[in-house]
Q: 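Dumping the structure here so I can ask a few things about it.
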Amino acid sequence: MGRIGVFICWCGENIARAFDMDELTEAVAEIPGVRCAIHYKYMCSEPGQALIREKIRSEKLEAVVVASCSPHMHLKTFRAAAAAAGLNPYLVEMANIREQCSWVHEPYEDETVAKAVSIIRMTVHKVLRNRALEPIRVPLTKRALVVGGGVAGIQASLDLADSGYEVVLVEREPSIGGKMAGLSETFPTLDCSQCILTPRMVEVGQHPNIRLYTYSEVESVEGFVGNFNITIRQKARYVDIEKCTGCLECWNRCPSREAPSEFDYGLTKRKAIYVPFPQAVPARPIIDLNSCAKFLRNECGTCLKVCQANAINFDDQDMLVTEQVGAIVVATGYRMYDIGREQENAKYAGYGEYGYGQYRDVIDSLQFERLLSASGPTGGEVKRPSDGAVPKKVVFIACVGSRDNAKGIPYCSKICCMYTAKHTMLYKHKVHDGQAHVFYMDIRAGGKGYEEFVRRAIEKDGARYHRGRVSKITEENGKLIVRGADTLAGAPVTIEADLVVLAAAMRPATGVLELAQKIKLGYDEFGFLSESHPKLRPVETNTAGVYICGACHAPKDIPEAVAQASAAAGKVQVLFSKGELTREPEVASVNEQTCAACFACVRTCPYLAIDKAEIRDRQGNLRKMTARVNPSLCMGCGTCVAVCPSKSVDLEGFSEEQIYEMVNGLI
Amino acid sequence: MLEFGYYPGCALHGSSSDYEQSVQACLKPLGVGLKELDDWICCGATAAHTLNHMLAVSLPARNLALAERDGVTELFAPCPMCSMELIKVNRALDGNAGLRQRVSEIVELPVTGKTQILNLIQVFQRIGVDKIRATVKKPLSHVKAACYYGCLLTRPADTLQFDDPEHPRSMETVLEALGASAVEWNYATECCGAGLTMAREETVCELSHRILTNAAAHGANCLVVACPMCHTNLDMKQADIDRRYGVHHDMMVYYLSDLIGMALGLDETQLGVDKHFVVKPLESPATQAAEMH
Amino acid sequence: MSEDFEPKIVAFVCNWCTYLAADLAGTNRLEYPPNVRILRLPCTGRVDFNLIIKALEMGADAVVVSGCHPGDCHYTAGNYHARRRWILFRELLETMGIETNRIFFSWISAAESKKWQHMITEITDQIREMGPYTAYHEISEATA
Amino acid sequence: MDHEASMNAALAATSVENCYQCGKCTAGCPAADEMDFMPNQVLRLVQAGDADTVMRSRAIWLCVSCLTCTTRCPQSVDCAGVMDVLRQMAAGQETVPPDMQRIKVFHRAFLDSVRRHGRINEVELIMQFKTLGFLKDRNMRLLMKDALLAPKLIQRGKFHLQGESVRDRAVVRRIFDRCMPRADRARRATADKDSASGGVV
Ligand SMILES: Cc1cc2nc3c(=O)[nH]c(=O)nc-3n(C[C@H](O)[C@H](O)[C@H](O)COP(=O)(O)OP(=O)(O)OC[C@H]3O[C@@H](n4cnc5c(N)ncnc54)[C@H](O)[C@@H]3O)c2cc1C
Ligand SMILES: Cc1cc2nc3c(=O)[nH]c(=O)nc-3n(C[C@H](O)[C@H](O)[C@H](O)COP(=O)(O)OP(=O)(O)OC[C@H]3O[C@@H](n4cnc5c(N)ncnc54)[C@H](O)[C@@H]3O)c2cc1C
Ligand code: SF4
Ligand code: SF4
Ligand code: SF4
Ligand code: SF4
Ligand code: SF4
Ligand code: SF4
Ligand code: SF4
Ligand code: SF4
């Protein structure tokens, strides 16, 4: 190559004040490879661009350097101009002689001029080694997968489905709804959780654009943005929900009533064939083999007999189905920290001192939600589990597990201050002569109307707040002796309570790490999924085409979970708004012949864009392993280039050769 | 035959000689030999770490050094205070070469802190609960014990690595092998005042009173301990506590070794139970059965 | 050192933070010595340490590597990689006898134009004091 | 490592700066009801650099070293360890409140006994503690109190009037001399004298 046009801009006086433009242009014309060097008053103006177009044609230029302002200002402009004249836009570079030269150095100093020349020379050296590139085009399947059918997943699914895209919603449990379906009334407005959620659940169940897989899990994820290939495992349910009419005759007649109800967090028992809760979507039963008499002892079969629709199928098997989607929204939510002594990981030592699992009247806050809920096991009357008595004194303990380094969870769970205040209120509304006590460390109530809400619990509903942690709970004569402290009063406090409610920390849902590995998502040390940028890309992830929302990202309440869900849906819509995906072609690639298969690059790539690949000969024998960049995922950071010990990866646009030559040109 | 090094500590050679008697008597039929550490010195107990940090490290370290000199790899210290101090120093020395060197100079013997320290319960665990169960001659079905661990058997938990500090179960497991039952109660790991017996009686009496009261309230007919100080506070001080609070606890306080000995068929006098301050017969199964009719 | 020695400084900067800081310095007309030559890279993670040696070999008297602050990397973690590599590399350079006090690492965000100005001014003064970098050629001649 | 350095190291090992004042230590402390400063307040004052105030407190002497606080602290602060260090500092500075003197005297008598014999001689310890305690607070009742218990102990063979001594007592003394700072040693010299007269009483 040797036909380079250099266009030097005056920017009015902004550049021209610093140089004798003729002299500068003459010096530049001397640089080897430069075919023509021209200066003009305003290069970005239409006449300026026309000049460039004209010279590209007349001088048969092979590459162009515009020496003017920052590339952040006008690189796109000039690349478009070149393209209009038939030159590949990736053969245009800019030399920044305004922001980084004329504006910051004394005018007419020799050094300033020398610097401008060397900046231009460096850019010429680079552009001599630029290659014509085509934007990477990626086909796009305009369907989305949503994983998790809690309030966040529901919101994202409906937003997408309503805007005309097909949605595949995969929910692990037999019904969608998530935690919110079991809540009583919700802060800060105290509206009934089921009243606002169930219509949305029904909408999901009936939406023509939503394909709902309940009692299903994501088995594997292949492909990349625009083209994911998803395998879904539909777990055996033993009830054919296509045939089932939902008459619930089976449920009414099933004689077994042994298993603790998942929906009531063990506060009640449920039957072997059951619908998780009356408003479930789909409102179809499922058989739990572990408590079914037929399966365990071959003693029953009632449901088989009573079902008119022949929907019961004891031979049901797990099924694998595949779906093609272009984007994925993960909304797997949270679970409660297990307060009991048994932990899946010794890091999360339990709270032996609080006697959860030992004293029946020490419960966690989700269980208390059920006790408050009109659809709950007590019909909304607050009765304690041990003897059904109405508790006259209830102690609420905040930050159980949260903010507790010794138990492995240093973070704040963010919503427990609020729901604890809510609990004291709802309790007071139901038990007028009852007294609520709260042990807390700080009250964190940042949100619209939140602080006012907490003050109302204290001022109007008389909850007594003690600032201090509880050390131990013991049970004596049917009372729970709660030993805490009031650090503001500087004294220990002992309260004899009838019921103790522990506001346990929020932890990410079980199994989320396996899911994250399948989708190649990042997560933090606690298992919460990582966003791409905490401020500017809060629902995007580092895997292109994958978005997160709700409590799988961090502890959050319903308003926040829903806002994030809509944001994630919006991001998917942005992605889907194009006919196909195009990406900047300045990406890395591996020289597979020289690659030593050390996979240092695989480990360093922040976007997981490099895979291990096999090279086989025609007989299919493995010849060697190599690294291979997926250009659809590479963001062009170049980290892999720097770590490769055998210099086998290079980055288009910033290749080894280009950079060395630029250094050469500088000095 | 198992053999352990043996560090009795001052209490077992003094006012808790009944404990030593009990330990030695019950281990013999189980085939465990004890070899007393030659010329051991006091571990310094609370006093040392109350007054001087270096001393609190050096006194136990001298004993660890003696054990290492004599090739003792497992050292049984029946007093939890002693065993906790020994383990703490072991841990402090481990991985701190500077301290090891300094302390070796102070105690005039090389010490690395590698000796394994066992408390009473761990000795029984080493023997094996199944073996104990198999050796039982007189099951203790009349015993409904409140197992009292006190504070130092399980704490500090991460240093001792012994049992759950909030809900320990190791004594209960041994008791069940003896045919005895253990009650669920609340004060298993609450402090009795330990080392303050002499210096601050009112504190000790108050704490011990609460412990005795709670055990009785949960249906225990005796307390079981594995610590000479707990025993002193709950047994010897019981009359004092009764007087102070106008109650009559009348609660037998056994060492765990007493109960094992009894289940193995030993006589209470062989075990030194007669030397306790509160001595009374527990209802035997026969009398209990008679009452029920 | 000769009176009119003007150091040549090569700056490898990332496209998203420090390059923009240098742009902003221009917009704000913050003057600094012209001795620095800026080379724009996508990310400091792209900086291979051979590049630094290359620059010194080709006659640079000092090298600057500057990118986003930790945690703010446009590509999530490239700057961490750069920093980690630098720690390893520093030892290597020292054993090779290359003066590591001519290599400068810094974090300058897109908003920190003043910091850029001050840094370049200071480094220029400092290198002017130290004189031209000749050690590389001495070393390579010695080992040749 | 001298005494002060080892105390500083001990204090550093407690991570007192991690305390976020949750009060769980106070809530579980068996002695808190009697303390003038709650355990968490002791921690706070140390954090704030006001060790002087806590060194004069009764709290540090009422602490029974049960480790409940340390075991349950969510920040893994070794609260009991802080109490230890403060006692060590206070013991060296004579800032012990009058009604807490007895506790310090007891510990000192305990160590003196160990220093002399290598092990505790309980009879001697009680005698010394009672007399020293009496000299400090003139509490006659206390002087007599356990006299009533002694015969019962002797009767049960639980009191060795002789007490035991180790063979190599010299090494024990040397260990003490190496650990105790000079000031402490000087004071102990007087204590030795006191106890000598105590033996006569
Ligand atoms: C006691 C308590 C009271 C609360 N009260 C309020 C309140 O009053 N107001 C308020 O705003 N917020 C409240 N919240 C918070 C509220 O529960 C959450 O903000 C909300 O439920 C988060 O919704 P989500 O969809 O992100 O998660 P979830 O509700 O947890 O839903 C996640 C869904 O994903 C499914 N899932 C998980 N893993 C997988 C997988 N691998 N594959 C497929 N599906 C999967 C789960 O089964 C579940 O259905 C309360 C929380 C608690 C604990
Ligand atoms: C001291 C301080 C420190 C902070 N630090 C942080 C931090 O470290 N991290 C963080 O995450 N957040 C921080 N924040 C919060 C952050 O500033 C806000 O979250 C953020 O700026 C909100 O952005 P916005 O676009 O909603 O509002 P704004 O930034 O206020 O933008 C609103 C825009 O609308 C224009 N406008 C207003 N009315 C009209 C009208 N009628 N017609 C047309 N235009 C109009 C305004 O001129 C303005 O440009 C801080 C806030 C403060 C006060
Ligand atoms: S191209 Fe840039 S430098 Fe030239 S006139 Fe336009 S803005 Fe100014
Ligand atoms: S009886 Fe049959 S149709 Fe009716 S709910 Fe049960 S499975 Fe469905
Ligand atoms: S077969 Fe099983 S599920 Fe069906 S009715 Fe009987 S117990 Fe219930
Ligand atoms: S939100 Fe409140 S209760 Fe929950 S962890 Fe944070 S401070 Fe504790
Ligand atoms: S770092 Fe280089 S040699 Fe190693 S796998 Fe990647 S491309 Fe191949
Ligand atoms: S250039 Fe960056 S994003 Fe692309 S493959 Fe290399 S490390 Fe990954
Ligand atoms: S428990 Fe720990 S963190 Fe809480 S106040 Fe006590 S020392 Fe501080
Ligand atoms: S060690 Fe001391 S401060 Fe801590 S709980 Fe026990 S008595 Fe209280």
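Sequence lines set the chain letters: A, B, ... in the order given, protein chains first and strands last, and positions in each chain run from 1.
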Q: Any donor and acceptor pair, going by atom type alone, linking the side chain of A:His105 with main-chain N or O of C:Tyr32 inside 3.5 Å?
A: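 Indeed, once roles are kept as given, a pair shorter than 3.5 Å links the two residues.
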Q: For the pair A:His72 (side chain) and C:Asn15 (backbone), establish whether a donor and an acceptor sit closer than 3.5 Å, ignoring hydrogens and angles.
A: yes
Q: Side chain, backbone, both or neither: which part of C:Leu24 has an atom under 4.5 Å from a heavy atom of chain A?
A: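 It is neither, since no heavy atom gets under 4.5 Å.
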Q: Less than 4.5 Å apart, any side-chain heavy atom of C:Ile38 and any of A:Gln100?
A: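 Yes; the side chains approach each other to less than 4.5 Å.
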Q: Would you call A:Lys647 and C:Asp48 a salt bridge, using N to O less than 4.0 angstrom?
A: yes
Q: Side chain, backbone, both or neither: which part of A:Leu536 has an atom under 4.5 Å from a heavy atom of chain C?
A: neither
Q: Which one, C:Ala55, C:Pro34, C:Gly26, leads in non-hydrogen pairs under 4.5 Å with chain A?
A: C:Pro34
Q: Distance alone, cut at 3.5 Å: any donor-acceptor contact between the side chains of A:Ser118 and C:Arg37?
A: yes
Q: Report which part of C:Val47 has an atom under 4.5 Å of a heavy atom belonging to chain A: side chain, backbone, both, or neither.
A: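 Backbone only.
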Q: What closest approach, in Å, do A:Pro71 and C:Tyr19 show between heavy atoms, and which atom pair accounts for it?
A: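 Closest heavy-atom pair between A:Pro71 and C:Tyr19: CD-OH, 3.2 Å.
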Q: For C:Glu112, what residues pass the salt bridge (Lys or Arg N to Asp or Glu O under 4.0 Å) criterion, not counting sequence neighbours?
A: none
Q: Do NZ/NE/NH1/NH2 and the carboxylate oxygens of A:Glu99 and C:Arg29 come within less than 4.0 Å?
A: no
Q: Taking all non-hydrogen atoms of both residues, which atom of C:Pro42 and which atom of A:Cys637 are closest, and how far apart?
A: CG-O, 3.6 Å
Q: For A:Ala642 versus C:Gly45, what's the shortest heavy-atom pair and its separation?
A: CB-O, 3.2 Å
Q: Enumerate donor-acceptor pairs with a distance under 3.5 Å from any side-chain N or O in residues 659-667 of chain A to protein atoms, sequence neighbours excluded.
A:
none

Q: Contact part of C:Leu41 toward chain A, heavy-atom cut-off under 4.5 Å: side chain, backbone, both or neither?
A: both
Q: To the nearest 0.5 Å, tell me how far C:Asp23 CG sits from A:Cys69 SG.
A: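 One finds 9.0 Å between CG of C:Asp23 and SG of A:Cys69.
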Q: So, C:Asn35 and A:Glu111: side-chain donor and acceptor under 3.5 Å apart, yes or no?
A: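 On atom types as modelled, these side chains do not qualify, holding no pair under 3.5 Å.
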Q: So do A:Met122 and C:Leu39 actually touch side chain to side chain, heavy atoms under 4.5 Å?
A: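 In contact.
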Q: Which bit of A:Glu656 comes within less than 4.5 Å of chain C, counting heavy atoms only: side chain, backbone, both or neither?
A: both
